[in-house]
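What you see below is based on every heavy atom in this structure, not just the backbone, and it leaves out hydrogens, waters and symmetry mates.
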There are 2 protein chains.
Amino acid sequence: MAKLGSEHSSDAAAVTINRRVMEVCDSIGDFIEYWGFKGIHGRVWALLALSAEPLAQVQIAQYLGVSRSLVSGVIAELVDRGLVRAVDSSRNSPYVALTDFWPTVASVLRSREWMLLETVRQSLEGFVVDAERVGGDSIGQIYNLRRAYTLIKMTETAQNILRLLIGYPTAATADRMTQWLGHVGALVKRFKT
Amino acid sequence: MAKLGSEHSSDAAAVTINRRVMEVCDSIGDFIEYWGFKGIHGRVWALLALSAEPLAQVQIAQYLGVSRSLVSGVIAELVDRGLVRAVDSSRNSPYVALTDFWPTVASVLRSREWMLLETVRQSLEGFVVDAERVGGDSIGQIYNLRRAYTLIKMTETAQNILRLLIGYPTAATADRMTQWLGHVGALVKRFKT
DNA sequence: TTACTTGTTCACATCATTGTGAACAATGTA
DNA sequence: TACATTGTTCACAATGATGTGAACAAGTAA
């Protein structure tokens, strides 16, 4: 049966397609770098997503031109995050990509972004509490307490928005997201006027 | 007039406050790292935001314990992004932080995220076009074209959502955002059921 | 003017990230 | 069993990001 990166790759058409696939892998890699992953995660995932058949780690390493050791670690993380799944439970099982990645994105937002915001909020609160307690009168000469309160409020708002995003159903399917988008779009339009 | 990091910093209370301020700077720095900036940008901005008076570059460098050369470059970028403003047009003018940073966030999303998504979409389209053109019958044995189409649709959906976010009025004020949040919240709740 | 302070630039040092290759473990196969 | 293949681990190399200091430019004050 035909396999990705097979002996037919000397064929001109296959070379063209392979280049296209690499472009997809690279662009998805670049994109995902800004979402808490490394570029290589996106490239491996994209390759699995475009492949008609499950791929073994060696094939992935060969196709992408990276070492087996790198693929090993990356696959482990992708499986851990629920973006990739082994076909069976054997040691040398090939892998497939999962396309319902909303749970993963939500999880990333939950752990990473939430914690960052919460740290900001707590540090701001610590500041204003201490400023009011030990600051005395002159504190307003040095620090802008009112602005600190504004920042706290903004942080809380950001946390509320984040909560909303995280709480979004499951649906990473294009259909549902489009539907959801329609609702929000109508709403925003109403809010704008 | 009292100034940040002044000679009074030997005072116990001042030391406490200074530590709190540093915590705020660091946490905002950590947060902003995931939004296309470096940590130092957030720390400089936070210091300016909390300071009651405009600060000169030397003061910022001293307070944060970094070199003047670093502060110089960072300030230039922050001014360029519209997050910080010089008080007057003189060379040695001190700087203040601007808190309406939604335009900046929108601009970042517009340039960075949009381009990344657009590159992904184009590479996927290039792939399916070439696959259909030169692929012949066996292409389905090797590549999952249907999945490629799904990914294209998802990318377009993400672009639509992004457009919506970018198009969001101006309002970085906590009040307006909270209001907007309320609308969206009600909507999502309705969609969930 | 001279001396001093502040801001800017750039070549370099420092540090963190990313990827490699060799040794090993685990599995399949003759 | 012996042999080949695949996956895993870890110390290290390569690369890139981040910050520094020295030299310079531009202003300020004596």
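- With hydrogens and angles disregarded, a donor-acceptor distance shorter than 3.5 Å links the side chain of B:T157 to the backbone of B:K153.
- Atom P of nucleotide D:dT20 and atom CD of B:Q62 are separated by 14 Å, given to the nearest angstrom.
- Sequence order on DNA chain C of the closest nucleotides to B:P94 and A:R43 puts B:P94 first from the 5' end.
- With respect to the salt-bridge test (charged N to carboxylate O, under 4.0 angstrom), the residues A:E118 and A:R121 qualify.
- Within the 4.0 angstrom heavy-atom criterion, only backbone atoms of the sugar-phosphate kind lie near B:I40; the bases stay farther away.
- No side-chain heavy atom of A:L55 sits under 4.5 Å from any side-chain heavy atom of A:Y63.
- The phosphate of D:dT20 has OP1 or OP2 within less than 4.0 Å of a side-chain N or O from B:S67.
- Of the possible donor and acceptor atoms, none in the side chain of B:S93 sits under 3.5 Å from a partner among the backbone N and O of B:S89.
- Between the CD atom of A:E33 and the P atom of D:dT15 there is a distance of 17 Å, rounded to whole Å.
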**Fill in**
In B/S/- notation (B base, S sugar-phosphate only, - none; protein heavy atoms under 4.0 Å), nucleotides 24-30 of chain D written 5' to 3' is -BBS---
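- Taking the 5' to 3' direction, DNA chain C first and last meets chain A under 4.0 angstrom from a heavy atom at C:dT18 to C:dT27.
- One finds the CZ atom of B:R68 at 13.0 Å from the CD1 atom of B:I60 (value rounded to the nearest 0.5 Å).
- The environment of A:W35 atom CH2 is sparse: at most 12 non-hydrogen atoms of other residues, nucleotides or ligands sit within 6.0 angstrom.
- Sequence neighbours left out, not one pair with a member in residues 72-95 of chain B passes salt bridge (charged side-chain N to carboxylate O under 4.0 Å, His left out).
- The OG1 atom of B:T155 lies 9.5 Å from the CD atom of B:E125; values are rounded to the nearest 0.5 Å.
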